[in-house]
A.B. asks: 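Structure below; questions to follow.
These numbers come from the heavy atoms of this one structure, side chains and all, not from hydrogens, waters or symmetry mates. Order of the sequence lines fixes the chain letters, A, B, ..., with proteins taken first and strands second; residue numbering starts at 1 for each chain. Keep in mind it's a predicted model, so treat the numbers as computed, not measured.
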Amino acid sequence: MATSSSVLDGHSEERMLRKLSAYRNYPPGVGRTSRFFPVRRVSAVRDYPPFCGPNALSLSKGDVSKGNGTEERKREFDFLARGGGSKTVMTARKSVNHSWMMLVKKKEGNASSSGGMDGKFSDAHRYCYNVNVPLLCRDNLSRGNSEADVTRNTVREIMRCFQAVCRKLLQEEEAKLKGKAKIRRRIDLEAAKILKKEGKYINSGKYIFGSVPGVEIGDEFDYRMELHLVGLHRNLQAGIDYTMRNGEHLATSIVASGGYNDELDKSGLLIYSGHGGNVMSRKKAPEDQKLERGNLALKNSIKKKNPVRVIRGAFFGGGSRRTFVYDGLYEVESCWQERGPHGKMIFKFQLRRIPNQPELPWIELQNSNMFTLRKGLCVADISNGKEALPILAVNTIDNEKPPIFEYITRMIYPSWLQPTPSKGCNCTDRCSDPTTCSCAGENGGIPFNHTGCIVEVKPLVYECGPSCKCPPDCYNRVSQNGIKFPLEIYKTDKRGWGVRSLRSIPSGRFVCEYIGELLEDKEAEERSGHDEYLFDIGGNLIKDALDSGGGFTIDAARFGNLGRFFNHSCAPNMYAQNVLYDHGDHRIPHIMLFAAENIPPLKELTYDYNYSKDEIFDSDANIKKKNCYCGSVGCTGRIY
DNA sequence: GTAAGATCACCGTT
DNA sequence: CAACGGTGATCTTA
């Protein structure tokens, strides 16, 4: 009760609730727009620029090197560390975390000539394949202490690497084909080769019965290859994975893809068909399935009662994206034969989910009508129709209503700073040809896949804008088009209000912009009391900012959008990306939040606020501290 | 609708 | 007996 992180430094939750009750009857965004009540509040703090020091995380020696941003950033850090331009007291501000890890792969046949340069930048680098993957944690401290902690983070990092490499390969292919032909490359196989070369396979040494370290129920995968490389299910095509133990075949995992019309029951019962008998092949005549291989292993597992991992493959979102979701451990209960649709005998197995495991989020969502019958629904749409999709507010914790603020969907710029559009491209197609599109040239290629995923982390992304001749569905217009996923705010147990999605979000997709009023830094200093909603921008383009005598801050306190509700996490699943599209002013990029990994439905959406620890002081020069309740593996317990 | 594809169990040979 | 190579199987993937 008293541990709510939404209440800080001397403010009790009771006091907070009393204040809230005064506004409870006002629907959000209506009336009293000048009144503001913060969900979270921090005292004066000082914000150092993001910088990756020697503690930077690397997955394994030599293979993953850290990119630290530009030289300008380092100079900026030195500048501020010396005391230049700093103040003793500053308001707390979120900022873009510009660290990433770089996965480097040498081209075949080139390795010998450039031996000894692994993981380092060199002239040979331009022959290398590389991609900037969003970092999971800012420093080693947040990697956790136990073996299991490290494994979980390692799994997440390797999945990010795989996904980023896939996006990069897809980008290359799309650029080559210029949108004319269908892609035929197996990017999953290629990405796996790259990761294998980098030593990024885990849990692959031995067969594992039961849970796989670092993989959690609800984790989502796009390719069978991903199941393979984290050790969840090693076969790339076969649905039953098994091994020999004490002279007996036993099943370790199955993939229920629906290829044999397998049925899944909400009660945890799964009827699974055996494999073999040429049921899937059209080239050979179907035969009776034999009690061998996986079929035999599953049958043996009835007696042994060994746990079998179940991975469900389906079009869960109802869309065109098929994913594999880890469903947890099952036991095989029984086995029988019956006649299949082709007239031949097939095996059937009944599996039951082992109790006391976390439920899949799909279950809860399937049992409720998404937009009207959500449990604890208290506001039908906090955007009041301003977003394309309604943004629900649900609270199953207490009676608190969401805070009052004015919902906006466009940045508010001060009257003296009305940004003007930069010169656009002359493309008449969807800017699929990076050699002719001038906007693509600014980016060094179109930074997005045709699936709407950002390929990799960049200091700055240039989307096409109002001056461009390309159509609205241009591949280089992504984040400017707003929220695409059904999102809701919800009351968390310890972190005030948070945000989650009702659909799974693929790695790399745009989620939400951080919108508010644009202020000069010095004006932001003067707005005390609600600094929880400040976001420091333009940090990566610090040279411009310093030259012009100061940076800018987004204040989402009085006017803002959903972006103000995302909580901090030490191991977040989104990251903030600088984007320009409607103007060319590098000092004031848009702050766009992108998914850094596959995010299952109902999982809290978070990013790294990027505060520094022990470097934030109040007016008495005391170090200010704020507890972190993000609950992620390896959380250090402090936001700053 | 089809062909390429990676990996492993299995089996036979060295 | 270990190590290696060939073969067949496989609820993939574009």
A.B. asks: What pairs with A/Lys290 under side chain to side chain donor-acceptor pair (under 3.5 Å), at least two apart in sequence or on another chain?
C.D. replies: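 Testing A/Lys290 for side chain to side chain donor-acceptor pair (under 3.5 Å), a comparison that skips the adjacent residues, returns none.
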A.B. asks: Of all residues at least two apart in sequence or in a different chain, which pass the ring-ring contact (aromatic ring centres under 6.0 Å, His included) check with A/His249?
C.D. replies: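 Applying ring-ring contact (aromatic ring centres under 6.0 Å, His included) to A/His249 gives A/Tyr242.
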A.B. asks: Between A/Gly277 and A/Asp188, just flag the one whose closest nucleotide in DNA chain C comes earlier from the 5' side.
C.D. replies: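 Result of the comparison: A/Gly277.
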A.B. asks: Represent DNA chain C in dot-bracket notation, 5' to 3'. Only Watson-Crick or G-U wobble pairs with both distances under 3.5 Å count; pseudoknot-style crossings use [ ] and interstrand partners use |.
C.D. replies: .|||||||||.|||
A.B. asks: Report the residues that fulfil ring-ring contact (aromatic ring centres under 6.0 Å, His included) with A/Phe448, sequence neighbours left out, ordered by chain and then residue number.
C.D. replies: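 If we apply the ring-ring contact (aromatic ring centres under 6.0 Å, His included) test to A/Phe448, skipping adjacent residues, there are no hits.
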A.B. asks: Give the rounded distance in Å between these two atoms: CD1 of A/Ile346 and P of C/dT10.
C.D. replies: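 Taking CD1 of A/Ile346 and P of C/dT10, I get 14 Å after rounding.
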A.B. asks: Whole Å only: how far is the CZ atom of A/Arg186 from the P atom of C/dT12?
C.D. replies: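 My rounded result for the distance is 10 Å.
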A.B. asks: From the list B/dT7, C/dT10, C/dT12, which nucleotide is the closest neighbour of the side chain of A/Leu236?
C.D. replies: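 Shortest atom-to-atom distance from the side chain points to B/dT7.
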A.B. asks: In whole Å, I'd like the distance from the CD atom of A/Glu292 to the P atom of C/dG8.
C.D. replies: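 For the pair A/Glu292 CD and C/dG8 P, the rounded distance is 15 Å.
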A.B. asks: Who passes side chain to side chain donor-acceptor pair (under 3.5 Å) against A/Asn295, sequence neighbours left out?
C.D. replies: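 Partners of A/Asn295 by the side chain to side chain donor-acceptor pair (under 3.5 Å) criterion come out as none, since no residue qualifies.
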A.B. asks: For A/Ile240 and B/dC8, what is the distance between atoms CD1 and P respectively, to the nearest whole Å?
C.D. replies: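 Atom CD1 in A/Ile240 sits about 18 Å away from atom P in B/dC8.
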A.B. asks: Can you tell me how far P of C/dA9 sits from NZ of A/Lys290, to the nearest Å?
C.D. replies: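 Going from NZ in A/Lys290 over to P in C/dA9 covers 9 Å.
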A.B. asks: Quick one: on DNA chain C, does A/Ala238 or A/Arg322 contact a more 5' nucleotide (nearest heavy atom)?
C.D. replies: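 Result of the comparison: A/Ala238.
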A.B. asks: So, does A/Asn443 use its side chain to make a donor-acceptor pair with the main chain of A/Val461 at under 3.5 Å?
C.D. replies: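 Such a contact is absent between A/Asn443 side chain and A/Val461 backbone.
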A.B. asks: Test of understanding: with ring-ring contact (aromatic ring centres under 6.0 Å, His included), list the residues that count as partners of A/Tyr462, not counting sequence neighbours.
C.D. replies: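 In terms of ring-ring contact (aromatic ring centres under 6.0 Å, His included), with neighbours along the sequence ignored, A/Tyr462 is linked to A/His586.
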A.B. asks: Taking N or O atoms only and anything under 3.5 Å, show me the protein contacts with nucleotides 9-12 of chain B, one pair per line.
C.D. replies:
unit_1 : atom_1 : unit_2   : atom_2 : d
B/dA9  : OP1    : A/Tyr207 : OH     : 2.5
B/dA9  : OP1    : A/Arg234 : NH2    : 2.8
B/dC10 : OP1    : A/His249 : NE2    : 2.7

A.B. asks: Once ring pair (Phe, Tyr, Trp, His ring centres under 6.0 Å) is applied, what residue pairs with a partner in residues 209-240 of chain A remain, sequence neighbours excluded?
C.D. replies: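 For residues 209-240 of chain A: A/Tyr201-A/His228.
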A.B. asks: A/Phe349: which residues meet the ring-ring contact (aromatic ring centres under 6.0 Å, His included) condition with it, sequence neighbours left out?
C.D. replies: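 With neighbours one apart ignored, the set is empty.
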A.B. asks: Please report the distance, rounded to the nearest Å, between CG in A/Leu169 and P in C/dT13.
C.D. replies: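 Checked: the CG to P distance equals 16 Å.
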A.B. asks: With side-chain contact (heavy atoms from CB on, under 4.5 Å) as the criterion, how do A/Tyr330 and A/Ile354 come out once you've worked through the C-alpha distance, each side chain's angles and the decisive distance to 0.1 Å?
C.D. replies: CA-CA 5 Å; A/Tyr330 283 64; A/Ile354 296 173; 5.6 Å; no
A.B. asks: Without decimals, in angstroms, what is the distance between A/Asn235 CG and B/dT7 C1'?
C.D. replies: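 A/Asn235 atom CG is separated from B/dT7 atom C1' by 8 Å.
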A.B. asks: With sequence neighbours excluded, what pairs up with A/Glu220 under the side chain to side chain donor-acceptor pair (under 3.5 Å) test?
C.D. replies: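 If we apply the side chain to side chain donor-acceptor pair (under 3.5 Å) test to A/Glu220, skipping adjacent residues, the hits are A/Ser504.
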A.B. asks: Say you draw a straight line from CD of A/Gln289 to CZ of A/Phe347; how long is it, rounded to the nearest 0.5 Å?
C.D. replies: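 A/Gln289 atom CD to A/Phe347 atom CZ measures 7.0 Å (nearest 0.5 Å).
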A.B. asks: Sequence neighbours excluded, which residues qualify as side chain to side chain donor-acceptor pair (under 3.5 Å) partners of A/Ser479?
C.D. replies: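 Result, side chain to side chain donor-acceptor pair (under 3.5 Å) vs A/Ser479: A/Glu463.
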A.B. asks: Can you check whether A/Tyr201 has a side-chain N or O nearer than 4.0 Å to OP1 or OP2 of B/dT7?
C.D. replies: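 Indeed, a polar side-chain atom of A/Tyr201 lies that close.
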A.B. asks: Please state how far atom NE2 in A/His233 lies from atom P in C/dC11, giving the value in whole angstrom units.
C.D. replies: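 Value for this atom pair: 9 Å.
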A.B. asks: Short of 4.0 Å, heavy atom to strand atom, which residues of residues 220-231 of chain A count as contacting DNA chain C?
C.D. replies: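 Heavy-atom contacts with DNA chain C come from A/Tyr223, A/Arg224.
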